[in-house]
Amino acid sequence: MIRSKAYAAQNKTSGLAPFELYRREPAADDVQIEILYCGVCHSDLHTARGEWPNTLYPSVPGHEIVGRVCAVGSQVRRFKVGDLAGVGCMIDSCGHCHSCAEGEEQYCENGFTGTYNGPVFGGENTYGGYSQTIVVKESFVLQIRHAADDLARVAPLLCAGITTYSPLRHWRVGPGTTVGIVGLGGLGHMGVKIAHALGAQVVLFTTSPGKIADGRRLGADEVCVSTDDAQMAAYANRVDFILDTVAVPHDLDAYLSLLKRDGTLALVGAPAAPHPAGNVFNLILKRRRIAGSLIGGIRETQEMLDFCAEHQIVSDIEVIPIDYINVAYDRMLNSDVKYRFVIDMASLRDA
Ligand code: NAP
Ligand code: ZN
């Protein structure tokens, strides 16, 4: 077994503190990665603080993992020691259901295995990226083609990047479409950048007037302050597709009414409590849809990484030491992140 320092929550209220865990020795099809950086997703906070109903403790979050390969099994073909590599939200799935066969492992009918918090339909706990090293099956490890200097800024692509890229592609956002991105946090700022790169007209909806200039710099053509009813009314029936990244329950009707006929509101934000139910007339009178989307499959995650490398897209980050993580969570709750915290894992050596 391989010993690794880590940071874990022991229960809902403990906060995160130093912890030690063990990784398996790499099997023939495994890749071992020395973790250099790990992004901080709002899902880490939901999980560590037990806001979703299924947290297994101790909980070691982190599913925006980048680093260098430090060992490979005898059957590994795509990686060699020294290569850059990434791991996102999943480390395994059943591999034979129709979703897995179609490369949509995140919808595995038997439940994919999360990088942390174990198999989604029950089973043993798994420990994520707030740690020094991880051992993952080659087929769930991603290749990184960005420059090594960009590595910290690439980490958030492994969750925030794919979670926005996948629905934007699924609903065919591109030239000629007007897309709304709701919330300028980790997911939202990647959504703005990717939708812009796909050639869409991008409207950012934010509750924070202080983020207007950043929204434009990141790629929004227009910014609407969603707490201003007059600004919201100006977008009624004008938007083709809206991607909602907000992590708290809120009024969906305010966004549904902005969609054109046949428009879709896709929810990726995953609040602990339900949204107030939508007004049915807001749907039926314009054949509008409310949909959801979960991260993206491994093939599509690689496609997203390559797309971002080609378009020179990385995340805007604030690098933090691991012992800042509890403060970072509190700042995330106050929408005070520009626009993703990334842990420098070198800080774990002295923890
Ligand atoms: P984040 O960085 O905290 O961003 C959320 C943003 O929502 C904030 O920056 C803020 O943007 C906006 N917001 C916050 N409070 C609000 C309020 N009261 N009313 C309206 N807007 C508010 O979080 P994240 O890491 O992007 O994650 C967002 C959500 O997506 C979380 O629930 C997370 O668990 C979920 N998630 C889902 C998937 C998936 O596969 N579906 C994957 C990853 C994460 P403004 O200041 O611009 O308003
Ligand atoms: Zn995430």
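Since the structure is predicted, the reported quantities are computational estimates derived from the model, not experimental observations.
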Please determine whether a side-chain nitrogen of the Lys or Arg among [X] and [Y] lies less than 4.0 Å from a carboxylate oxygen of the Asp or Glu.
X: Arg217; Y: Asp214; value: yes
X: Asp30; Y: Lys137; value: no
X: Asp330; Y: Arg49; value: yes
X: Arg340; Y: Glu64; value: yes
X: Lys193; Y: Asp316; value: yes
X: Glu138; Y: Arg78; value: yes
X: Glu20; Y: Arg3; value: yes
X: Arg169; Y: Glu303; value: yes
X: Asp306; Y: Arg145; value: yes
X: Arg299; Y: Glu102; value: no

Among His170, Met190, Glu300, side chain to side chain contact (heavy atoms under 4.5 Å, CB included) partner for Tyr165: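 Filter result, single survivor: Glu300.
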Test His146 against every option in Val66, Leu157, Leu151, Leu84 by the side chain to side chain contact (heavy atoms under 4.5 Å, CB included) rule and name the one that passes. Leu157
Is the closest side-chain heavy-atom distance between [X] and [Y] below 4.5 Å?
X: Phe307; Y: Leu305; answer: no
X: Phe112; Y: Tyr107; answer: no
X: Ser315; Y: His189; answer: yes
X: Thr264; Y: Leu259; answer: no
X: Gln201; Y: Val179; answer: no
X: Val40; Y: Tyr329; answer: yes

Is it the case that the side chain of [X] and the backbone of [Y] share a donor-acceptor pair, with hydrogens and angles ignored and the cut-off at 3.5 Å?
X: Asp344; Y: Tyr37; value: no
X: Glu105; Y: Ile298; value: yes
X: Asp228; Y: Gln231; value: yes
X: Thr55; Y: Thr47; value: yes
X: Lys12; Y: Glu51; value: no
X: Arg261; Y: Asn237; value: no
X: Ser347; Y: Ile322; value: yes

Where is the tightest heavy-atom contact between Ser131 and Ser4, given as atom of each residue plus distance?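 Closest approach of Ser131 to Ser4: CB-OG, 3.8 Å.
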Could you report the tightest heavy-atom contact between Ile134 and Arg23, atom names first, then the distance?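 In this case the closest contact between Ile134 and Arg23 is CA-NE, 3.6 Å.
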Under a plain distance cut-off of 3.5 Å, with no hydrogens placed, do [Y] and [X] share a side-chain donor-acceptor pair?
X: Arg331; Y: Tyr324; value: yes
X: Asn282; Y: Asp253; value: yes
X: Thr13; Y: Asn11; value: yes
X: Asn125; Y: Tyr57; value: no
X: Asp44; Y: Tyr116; value: yes

Does one hydrophobic cluster hold both Val76 and Val69, with members joined at side-chain heavy-atom distances below 4.5 Å? yes
Could you check Asn110 against His96 for side-chain contact (heavy atoms from CB on, under 4.5 Å), going step by step and ending with a plain yes or no? CA-CA 9 Å; Asn110 298 303; His96 52 72; 3.8 Å; yes
Residues Leu252, Leu267; criterion side-chain contact (heavy atoms from CB on, under 4.5 Å); working and verdict: CA-CA 10 Å; Leu252 300 185; Leu267 307 176; 4.0 Å; yes
Going through the distances and angles, do Ser43 and His63 end up as a side-chain contact (heavy atoms from CB on, under 4.5 Å)? CA-CA 9 Å; Ser43 303; His63 58 202; 4.1 Å; yes
Mind checking whether Phe241 and Trp171 have parallel, tilted or perpendicular rings, split at 30° and 60°?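 Parallel.
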Take Val87 and Thr115 through the side-chain contact (heavy atoms from CB on, under 4.5 Å) test and state the conclusion after the steps. CA-CA 8 Å; Val87 177; Thr115 302; 4.1 Å; yes
When the ring centroid of Tyr255 is compared with that of Phe205, is the distance short of 6.0 Å? yes
Candidates Gln32, Lys5, Glu34 - the one meeting side chain to side chain donor-acceptor pair (under 3.5 Å) with Thr133: Gln32
